[in-house]
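A short write-up of the structure that comes next.
As the structure lists them, so they are numbered: ligands from 1, and atoms in each ligand from 1. Residue numbers run from 1 in the order of the sequence given. Worth saying up front: this structure is predicted, and the values here are computed from it rather than measured.
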Amino acid sequence: MSVEERLIIAIDGPAGVGKTTVARELAEVLNIHHIDTGAMYRAFAYYVMKIGLSPERDGDCGEVLKNFQMEYLPEINSYKIIVNGEEVSDKIRTREVTKGSSDVAVFPAVRKFMVNIQRELGNRYDLVMEGRDIGTNVFPDTPFKFYLDARIEARVERRLLQDGLEITDECIKREFSNIITRDKNDMEREFAPLRVADDAIIIDTTNLTRDEVVEKILKVVREK
Ligand code: DC
């Protein structure tokens, strides 16, 4: 089966809009795989830091990428990411890796590496793929493109809850600033920046539950 015949649902949007919870549920309902592409950039940032380099400065160093091997193994309701033989799935959610993932994502060679893996997965499986450039760059021909957005206050709160952090004034302030910096980085980079694809359906998730967002997407998918 070629990628044109596959069911590929692209979900893009900034941090904290609920992409992961929505994509996971959608994949479960449709019985297809969920691919979290942010986890791939995170895995690379983790590796760069592990070998003592800086994601911001050294992320595009050819030698680093040449020695980097990554396997993304989709599983029912979850996935594993293996970097040079080490399972890193549980190690890529720290604050340092979060920042580093946005830093390495600006480099064209890094993006090319990740996009190859993402397209390869699209050749093999029907899937819901979430990220920043899935509808604009990875699978521009899929008819199913969704862009999730939400008010910044809601995104900050979701992010803190997701990370199991207390919702204190100090945490809120810090997360506000983290999210704004990351949005800026992701939207203003030169290669494959975060933007709404011309034919994407925009869903504002600020006042919607996960199930309401999933329902909206399913309706579109079932009607086409
Ligand atoms: O979705 P996330 O927060 O786990 O993503 C981490 C970073 O990876 C994000 O700040 C930007 C980058 N990213 C990207 O550039 N392109 C993607 N398709 C997915 C993530």
Less than 4.0 Å between a side-chain N and a carboxylate O, is that true for Lys224 and Asp199? no

Below a 4.0 angstrom heavy-atom separation, can you tell me which part of Met187, side chain or backbone, both or neither, approaches ligand 1? neither

Tell me the protein heavy atom at minimum distance from atom 6 (C) of ligand 1, and give that distance in Å. Ser101 OG, 3.3 Å

Flag the pair Phe144 / Val128 as yes when at least one side-chain heavy-atom distance between them is below 4.5 Å, and no otherwise. no

Run the numbers for me: atoms of ligand 1, each under 4.0 Å from some heavy atom of Asp133, listed by number. 16 (N), 17 (C), 18 (N)

Which atom names give the shortest non-hydrogen contact between Thr37 and Gly131, and what distance separates them? OG1-CA, 3.3 Å

Would you confirm whether Ser102, through its side chain, and Asn185, through its main-chain N or O, come within 3.5 Å as a donor-acceptor pair? no

At what distance is the nearest protein heavy atom to atom 12 (C) of ligand 1, and which residue and atom is it? Ala105 CB, 3.8 Å

State the atoms of ligand 1, each with its element, that fall below the 4.0 Å cut-off from a heavy-atom position in Ser102. 10 (O)

Check this for me: does any side-chain nitrogen of one of Arg124 and Glu120 sit under 4.0 Å from a carboxylate oxygen of the other? yes

Only one of Tyr72, Phe68, Tyr47, Phe107 passes ring pair (Phe, Tyr, Trp, His ring centres under 6.0 Å) with Phe113; say which it is. Phe68

Could you list which atoms of ligand 1 come closer than 4.0 Å to a heavy atom of Thr37? 17 (C), 18 (N), 19 (C)

Hey, is the main chain of Gly13 close enough, under 3.5 Å, to the side chain of Lys19 for a donor-acceptor pair? yes

Distance-only N or O hit between ligand 1 and Asp186, under 3.5 Å: yes

Tell me, which protein residue and heavy-atom name are nearest atom 1 (O) of ligand 1, and how many Å apart are they? Arg132 NH1, 2.9 Å

Can you check whether Arg189 has an N/O within less than 3.5 Å of an N/O in ligand 1? yes

Does Glu130 approach ligand 1 within less than 4.0 angstrom via side chain, backbone, both or neither, non-hydrogen atoms only? neither

Return yes or no for this condition: an N or O of Arg111 is under 3.5 Å from an N or O of ligand 1. yes

So if I count the atoms of ligand 1 from 1 in the order they appear, which ones are less than 4.0 Å from some heavy atom of Arg42? 2 (P), 3 (O), 4 (O), 6 (C)

Just one of Glu75, Glu71, Glu87 clears the side chain to side chain donor-acceptor pair (under 3.5 Å) bar with Lys80, so which one? Glu75

Distance only, no hydrogens: is a donor on one side chain within 3.5 Å (strictly under) of an acceptor on the other, for Arg159 and Thr98? no

Is the contact between Arg182 and ligand 1 made by the side chain, the backbone, both, or neither, using heavy atoms and a 4.0 Å cut-off? side chain

Give me the nearest non-hydrogen protein atom to atom 8 (O) of ligand 1 as residue plus atom name, then the distance to 0.1 Å. Tyr41 CB, 3.6 Å

